[in-house]
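Working notes, beginning with the structure itself.
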2 protein chains.
Amino acid sequence: MSQNKFTDKNVIARCVPMSKLQSVIGGKWKILILWYIAFYKVQRFGELMRRLDGITQSTLTKQLRELEYDGFLHREIYKEIPPKVEYSLTEFGQSFIPVLQTMMTWSEKYLCPDYVNPYQEITKE
Amino acid sequence: MSQNKFTDKNVIARCVPMSKLQSVIGGKWKILILWYIAFYKVQRFGELMRRLDGITQSTLTKQLRELEYDGFLHREIYKEIPPKVEYSLTEFGQSFIPVLQTMMTWSEKYLCPDYVNPYQEITKE
DNA sequence: AGTAGTAGTACTTTTTTAGATACTTAGAAT
DNA sequence: ATTCTAAGTATCTAAAAAAGTACTACTACT
């Protein structure tokens, strides 16, 4: 009767970190959004729109709201005209920076060995 | 006339590592599948099915084929009856292990602080 | 008076992703 | 003669994600 406990629903149903991570940063845009906010210091909705080539307003709104809900982002609303909102990483969001960095380093080396960071081209002028 | 070169389509359209990474490991199951194969040494289709609670055969097949296509997995077919196929990480796939490890460590600490690895419960009996 | 700027909302349509179901192979066990 | 096994394929449907379009608010500028 020595059962493989992995088949036990109670074990499987538990919070499985990789599964949760996938649900939190999955999707077509999230790690890209986090990456822009964390490393490029993008804070405004409009700037994110321009940088995330191909994203629509409604999708960006939804993604930002989810990242806010999951605790990664803080959304500071200024009561100004025209409207102003600034996005920034929470402390929790900042804890994720090393993961983003690891991903980026790996991607540069293994996915895009001939990639040149366009940000450097901007700042050097 | 000093333009922000980031608005230049040529720069944006280039291979952006994070974007590529997202497309490669996005989806509902991929990092979970890689994680099982990398750390739990799961090699067989059926075992993956049992561990990935809720996945269907066709979805698992598709995910595995994509991971194979993207270079992460090697698929060894044995001409036996009943059929036998073994999945394993390619060299490229192995290069991704540190990334998985970083993700896992972060997830355990920040997403699931009360998580206990069920694999340990299996092996200790 | 008309247009631009920012950060959206609301609603619909399209695309992508995943799930459901039935079927296959070929031998071994019941 | 069935049933079981592993690892699928093929086809269809459902659900989720993303995109498209139209519209808003308030002020400043032309």
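Every value quoted in this text rests on a predicted model; they were computed, and no experiment measured them. Every chain is numbered from 1, with letters handed out A, B, ... down the list of sequences.
Atom CG of A:Asp53 is separated from atom C1' of D:dA19 by 14 Å (rounded to the nearest Å). The nearest whole Å value for the distance from the NZ atom in B:Lys62 to the P atom in D:dT11 is 14 Å. In this structure, the CE atom of B:Met49 is 14 Å from the C1' atom of D:dT5, given to the nearest Å. For the pair A:Lys28 NZ and C:dT15 C1', the computed distance is 9 Å after rounding to whole Å. For the pair B:Glu68 CD and D:dG8 C1', the computed distance is 13 Å after rounding to whole Å. One atom, NZ of A:Lys30, and another, P of D:dA18, lie 8 Å apart when rounded to the nearest Å. Taking atom CD on A:Gln57 and atom P on D:dG20, their separation rounds to 12 Å, with Å as the unit. For the pair A:Ile55 CD1 and D:dA17 C1', the computed distance is 11 Å after rounding to whole Å.
Side-chain N/O atoms of B:Ser58 and base N/O atoms of D:dG8 include no donor-acceptor pair closer than 3.5 Å.
Under the 4.5 Å side-chain heavy-atom criterion for ILVMFWY residues, no single connected hydrophobic cluster contains both B:Phe45 and B:Tyr69.
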### Message
Using the rule given for side-chain contact (heavy atoms from CB on, under 4.5 Å), can you reason through A:Gln63 versus A:Leu52, listing the C-alpha separation, both sets of side-chain angles and the distance that settles it, and then say yes or no?
### Response
CA-CA 12 Å; A:Gln63 303 293 308; A:Leu52 296 163; over 6 Å; no

### Message
Would A:Gln43 and A:Glu76 count as a side-chain contact (heavy atoms from CB on, under 4.5 Å) here? Give the steps.
### Response
CA-CA 10 Å; A:Gln43 300 202 90; A:Glu76 183 77 34; over 6 Å; no

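Against DNA chain D, the stretch residues 72-88 of chain B makes heavy-atom approaches under 4.0 Å through B:Arg75, B:Pro82, B:Pro83, B:Lys84, B:Val85, B:Tyr87.
Listed for the B:Lys84 side chain is no donor-acceptor partner under 3.5 Å among the backbone atoms of B:Ile81.
Along DNA chain D, the nucleotide closest to B:Thr61 and the one closest to A:Thr56 are compared, and the more 5′ of them pairs with B:Thr61.
Nearest approach of B:Glu86 to B:Tyr78, heavy atoms of both residues: OE1-OH, 3.1 Å.
As judged by a 4.0 angstrom heavy-atom cut-off over every strand, A:Glu66 is placed among residues making no nucleic acid contact.
Both distances falling under 3.5 Å, in either a Watson-Crick or a G-U wobble arrangement, place D:dT30 opposite C:dA1.
Regarding contacts with the backbone of C:dT6, every side-chain N or O of A:Arg44 stays at 4.0 angstrom or more from both OP1 and OP2.
Relative ring orientation between B:Tyr36 and B:Tyr40 is described as perpendicular, the plane-to-plane angle rising above 60° on a 0-90° scale split at 30° and 60°.
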Compile the donor-acceptor pairs under 3.5 Å between side chains in residues 89-102 of chain A and protein atoms, sequence neighbours left out, one pair per line.
{"from": "A:Thr90", "atom 1": "OG1", "to": "A:Gly71", "atom 2": "O", "distance (Å)": "2.5"}
{"from": "A:Thr90", "atom 1": "OG1", "to": "A:Phe72", "atom 2": "O", "distance (Å)": "3.2"}
{"from": "A:Thr90", "atom 1": "OG1", "to": "A:Phe92", "atom 2": "N", "distance (Å)": "3.4"}
{"from": "A:Thr90", "atom 1": "OG1", "to": "A:Gly93", "atom 2": "N", "distance (Å)": "2.9"}
{"from": "A:Ser95", "atom 1": "OG", "to": "A:Phe92", "atom 2": "O", "distance (Å)": "2.5"}
{"from": "A:Ser95", "atom 1": "OG", "to": "B:Trp106", "atom 2": "NE1", "distance (Å)": "2.9"}
{"from": "A:Thr102", "atom 1": "OG1", "to": "A:Pro98", "atom 2": "O", "distance (Å)": "2.8"}

